[in-house]
Amino acid sequence: MKSGILLDMKNICKEYPGVQALDNVPFQLEAGEIHALLGENGAGKSTLIKVLTGAESLTSGAVFLNGKSVRVKNPLQAQHMGISTVYQEVNLCPNLSVSENIHIGREPRTRYGLIDWKTMESRSRELLAGFDLDIDVIRALDNYSVAVQQMVAIARSCDISARILILDEPTSSLTDTEVDKLFSVMRRLRDEGMGIIFVTHFLDQVYQVCDRITVLRNGRYICTENTKALDKVSLVGRMIGKDYSELSGSRTSREETGDKDILMDVRGLYKSGTISPLNLSLRQGEILGFGGLLGSGRSEAARVIFGADRPDGGDLSLEGEPALFKTPLEGIRAGLAFCPEERKVEGIVGELSIRDNIMLALQAKKGMTKPLDPDEVDRLTRKYIELLQIKTPDEHQTVKNLSGGNQQKVILARWLATDPRILILDEPTRGIDVGTKAEIQKIMISLADGGMSVVFISSEIDEMMRCCERMVVLKDRAVVCELSGETLTESRVMQSIAGKGE
Amino acid sequence: MEILQKYRRARIFWPSVIFLGILLFNTIISKGEFLSITMMDGHFYGRLVDIFRNGSKLMLLAMGMTFVIASGGIDISVGSVMAISGAIACSVIRGNLFPFFQGSVFFALVLAVAAGALCGAWNGFLVSRVRIQPMVATLILMVAGRGIAQLITNGKIITVNSPSYYFINGGYILGLPFPLYLVIILFAGLLFFTKKTAFGLFLASSGINDKSSRLAGIRVENIKLLVYVFCGAAAAGAGLIESSGIKGADCNNAGLMIELDAILSVAIGGNLLTGGRFSLGASICGALIIQSITTTIYAMGVPPEVIQLVKALLVITISLIQSEKLSIKLLPAKAAAQ
């Protein structure tokens, strides 16, 4: 299967002002392998890929492609050399048709020099058929799911006769079946002799599909191993440079929660077309999980409780007082806080500084006409940067320049600054490296121990089991069951999601 | 030194340097005559005074436009709102509208500004509540506004005979033209408002990411409504200055195409047209640059037919000077600093 070294990167160094992003990193890719590139945020994965695709120039080092020394100047040139990248966010044109997207920049022409639409469409159909994709190629790309769009992007890369395919976190927005489909395509391409670099945060997926693993940490090369020779625990250990036991040492024994006071009671809260009438209660100082698959209504439930989406009806009471939130501001004033799922779209305000981002919700809570004391804001900002260990030179950096994990921490800081009674976290650890994930889980648990009630939503059941004391499981936009204590086990959650529970 | 450094990095740096540059250029080609200010009947006269007086309309508009653009929108109806404001003021003074208040300049001004604010509220309603694209939403009033103004004046160019109304454009206080005071008062008021409340932060935040801002508890819709109301009121003020200057109301020509200059002022001031962080002072500098260019071109004796072309060339040059990409290419030291 393997047929020699396709790509050989030697002593790659990349310096940004004040930061050594890559320090003498080697990387080898063989033809016919799927090679996982792993590391925490800030390990240098993206920088290495940017250097390889020519989006950034390297400070020193050498790149050999098929044994020949090359210097990649820009992504287009990389494409001509046979290096294609598919990013997490699909970078095709959503309003062009599928077939236009596949052929953009290299449209087949008729002998009059006009675009040959018929050939273009039939070629697109053939190409996609090879990927088990039977879709109407004339329709605009944004009619299709992200998974299909990603598949189209991969098909396009393959059609440009890529020899090296880089997949940068392609699975973070895909469902399980879609992931399986993607993997079978990846395996097929590998067997055809392509070299694939796979960047992901999901370790299970690495073990499902990858042949070899390269780990980076803090811009340094740690190791390259065969997947079979490296078990999961030692892999995580190498990625974070910590012992795994330290990582999983969070709350394992679940406390009895029956005698805690009920803080919030939700009765029949609904929004038509979004969430069926919802009944649940949240106790003082507990972590309540909203379980279920993507689209089960778990995020929607959180949104109507907070007031992010206006509920159509139902009752909600806080400490026995009736309260229903029609806008986020009403929720915030009542002591709720909500970290939304889509961090970049709904969480951060990218061009503002860390300081401004942190003060935003507190200022909104206080009202526009009562500005916060700047010294007080400085104190708060410094406090949370330290408490949450936000990695930044100073608080005046714009948030869009931070890594995903640090952005999440800034949003968390924004809400903690409002001193909430109820903190709702929707996928706070998605797309974040293992180390930061553990940090956020620890913060969440210590907040709950301090008396704050937390609603926690996550796609990863491990994480939910570790943190939650109780869990309501949602399916088809309604609560199907409530689990706690003895009944809260992984298998019961699975059964409920699958519909076999009581 | 530290203040100088801070100024060097501020948004207003380049616009103010360019403005001073244009003034310097004028001084040189006019052999110093440009800067000469004479005192006559207790009033100051001179080219420099003219720039500030004639630029006052644009400065008012630029301030309103800065807020709208910071919110991620745009308002192309300001020229029409100027026409409406002038038409209302003149009609009231003549007694064609509300005969009871005939001759009351004060009531005319209040009603004109209120009408401008109402026009702005309409724009703001379309943008923030109905969620029409700002360009399209304000296009409606841009087209319809002149019709409304014609309705008010019965389709005629009307003139007024009221020295106190003339004062708005032609009056002097302490030797300086009256419109300049309007600009200064409004600027000071806004600066106070943005610094003493969290309005500036909320506006920038809404302009950058309205979804995040809403979830953080900012009433984004109200902020957006507010900026259009303000922009409308500012345009009405500019309309009053214009109408007072021609001593009447000309619905077809008042503020014609001025919306483009207003947007350009904001852009030359270095504010991003995509919204977000803004600087009022920089926009005012932008307006002064445009006004001084116009004055310069006239002073150099360029034939009126090609004035627009010369203006365009100058604007391109100014934009290039401010372009970050270009300055990185030309000044390697700056690239290293980044």
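The chains referred to below are lettered A, B, ... by the order of the sequence lines, with proteins before strands, and numbering in each begins at 1. Side-chain atoms are counted along with the backbone in the values below, which use heavy atoms only and exclude waters and symmetry mates.
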Checklist outcome for this item: When rounded to the nearest 0.5 Å, the distance separating CG of B:Leu201 from CG of A:Leu352 is 6.5 Å
Next on the checklist: Given heavy-atom pairs under 4.5 angstrom as the criterion, report whether the side chain, backbone, both or neither of B:Arg214 touches chain A.
Outcome noted: both
Checklist entry - Heavy atoms under 4.5 Å from chain B: which residues of residues 359-374 of chain A carry them? => result A:Met359, A:Leu360, A:Ala361, A:Gln363, A:Ala364, A:Met368, A:Thr369, A:Pro371
Checklist entry - Are the side chain of B:Ser212 and the backbone N or O of A:Ile348 linked by a donor-acceptor pair below 3.5 Å? => result yes
Checklist entry - Does a sphere of radius 6.0 Å around CZ in A:Arg355 hold more than 12 heavy atoms from other residues, nucleotides or ligands, not counting ones at 6.0 Å or beyond? => result yes
Item to check | B:Arg129 atom CZ: more than 12 heavy-atom contacts under 6.0 Å | outcome: yes
Next on the checklist: If I take atom CG from residue A:Asn357 and atom CG from residue B:Asn209, how far apart are they, to the nearest 0.5 angstrom?
Outcome noted: 9.5 Å
Checklist entry - Shortest non-hydrogen contact from B:Arg219 to A:Arg333? => result NH2-NH1, 4.2 Å
Checklist outcome for this item: Assert top hit (heavy-atom pairs under 4.5 Å, partner chain A, pool B:Ala204, B:Gly217, B:Ser213) equals B:Gly217
Checklist outcome for this item: Bottom line for B:Phe199: the part with an atom under 4.5 Å from chain A's heavy atoms is both
Checklist entry - Taking atom CH2 of A:Trp415 as the centre, does the number of heavy atoms from other residues, nucleotides or ligands within less than 6.0 Å exceed 12? => result yes
Checklist outcome for this item: Most contact-rich option vs chain B, by heavy-atom pairs under 4.5 angstrom, among A:Val349, A:Ile332, A:Thr327, is A:Val349
Item to check | Members of residues 376-385 of chain A whose heavy atoms come closer than 4.5 Å to chain B | outcome: none
Checklist entry - Does A:Asp356 have any salt bridge (Lys or Arg N to Asp or Glu O under 4.0 Å) partners at least two apart in sequence or in another chain, and if so, which? => result none
Checklist entry - For A:Glu346, which residues count as a salt bridge (Lys or Arg N to Asp or Glu O under 4.0 Å) partner, sequence neighbours excluded? => result A:Arg303
